[in-house]
Amino acid sequence: MALLACLATPAPAEELSVELVLLADASGSISPEEIRFQRQGYAEALTHPQVLSAIQTSAYGRIAVTYVEWASAGEEDVVVPWTVIHDAASAAAFADALPRPPRRAFGRNAIGSALLVGKDLIEGNDHDGWRKVIDFSGDSPNNFNGPSIEDARAEVVAAGITINGLPILCRFCDTPARYPDLAAIYAERIIGGLGAFVVTAEDETDLADAIRRKLVLEISGEMPARRMAGR
């Protein structure tokens with residue numbers, strides 16, 4: 001009976017500094033070329049010495065990361081599953097896995113649905129992060145289907161998860177003309193939770209650097225010099 005009790009006891013969750021869901025836009029406004037460009041930007045950022053230093057000097061010296069592409073509600077796709085990164089080799093393994101899977105997320109923007117998928121991934125994994133963060137990126141604030149952004153954000157924040165934003169003035173698109181204040185919209189409508197902030201990718205050459213800056217802040221728990229706070 002004692003043996004059966006031991007076998008029935010779930011293993012304790014792995015403690016680490018941050019559980020981080022990278023939610024990347026794969027909606028209809030994002031071309032296959034841009035999908036590859038985004039993945040490459042995250043791969044470069046995760047293997048950057050500054051990001052590795054932030055991980056290794058964090059509270060536990062390790063983080064858990066998953067990369068998810070979002071589009072219509074129910075089309076969200078886990079491109080790379082939860083991976084613990086603690087050194088250059090584990091970061092490289094995650095980065096190497098990013099380009100390989102085909103694109104499987106399609107359709108019109110469903111930001112609320114994407115945020116709730118991020119919440120489910122955090123609550124359903126085998127890790128116990130000191131902080132829990134959704135890193136949401138996209139090139140518009142539209143929400144054409146699925147739950148509302150307001151309701152989804154409230155549910156995510158109530159679960160103790162922070163939503164940070166990475167608005168992308170995307171490669172070869174008209175986002176700057178349609179949404180010149182996209183960063184302010186993200187701050188008002190999307191981000192939320194303790195210490196939430198926005199970092200903007202101003203153009204295609206800035207994407208990898210913007211991702212790197214954002215990851216360093218998220219992993220270290222620091223705040224950007226100019227914080228844009230959401231509710």
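Just so it is clear, the model here is predicted, and its values are computed rather than measured.
Between Glu14 and Arg62 a salt bridge is recorded (basic side-chain N to carboxylate O distance below 4.0 Å).
Contacts classified as salt bridge (charged side-chain N to carboxylate O under 4.0 Å, His left out) and involving residues 76-89 (residues at least two apart or in different chains) are given here: Asp77-Arg104.
Panel note: side chain Ser220, backbone Val216; a donor-acceptor pair is recorded below 3.5 Å. For the pair Asn142 (side chain) and Phe144 (backbone), a donor-acceptor distance under 3.5 Å is absent. Side chain of Gln56 to main chain of Gly61: no donor-acceptor pair is present (N/O by atom type, distance under 3.5 Å, no hydrogens or angles). Checking side-chain atoms of Glu34 against main-chain N and O of Ser31 turns up a donor-acceptor pair under 3.5 Å. With Tyr186 contributing its side chain and Gly138 its backbone, the two residues share a donor-acceptor pair below 3.5 Å. Side-chain atoms of Thr162 come within 3.5 Å of backbone atoms of Leu194 as a donor-acceptor pair (strictly under, hydrogens ignored). With hydrogens and angles disregarded, a donor-acceptor distance shorter than 3.5 Å links the side chain of Asn143 to the backbone of Ile111. Under the 3.5 Å distance criterion, the side-chain polar atoms of Ser58 are matched with a main-chain donor or acceptor of Ile55. Arg108 places no side-chain N or O within donor-acceptor distance of the main-chain N or O of Asn145, the cut-off being under 3.5 Å. At distances below 3.5 Å, not a single donor-acceptor pair connects side-chain atoms of Trp82 with backbone N or O atoms of Asp126.
What you find for Asn125 and Glu19 is that their closest heavy atoms are ND2-OE1, 2.8 Å. Residues Gly112 and Ala152 come closest through the heavy atom pair O-CB, 3.3 Å.
In this model, no donor atom of one side chain and acceptor atom of the other lie less than 3.5 Å apart for Gln38 and Asp25.
Inter-residue side-chain proximity for Asp135 and Ile163 is flagged as unmet; no heavy-atom pair is nearer than 4.5 Å. Between Ile190 and Arg153, every side-chain heavy-atom pair lies at or beyond the 4.5 Å cut-off. Side-chain contact check for Leu16 versus Val84: some heavy-atom pair is nearer than 4.5 Å.
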task = Determine, stepwise, if the pair Glu123 / Lys132 fulfils salt bridge (charged side-chain N to carboxylate O under 4.0 Å, His left out).
result = CA-CA 9 Å; Glu123 294 182 334; Lys132 306 173 193 303; over 6 Å; no
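Other residues sharing the hydrophobic cluster of Trp130, ordered by chain and number and joined by side-chain separations under 4.5 Å: Tyr60.
The OH atom of Tyr42 sits 3.5 Å away from the OG atom of Ser137 when rounded to the nearest 0.5 Å.
Annotation: side chain to side chain contact (heavy atoms under 4.5 Å, CB included) contacts of Ala26 (sequence neighbours excluded): Ile35, Glu69, Arg103, Ala105.
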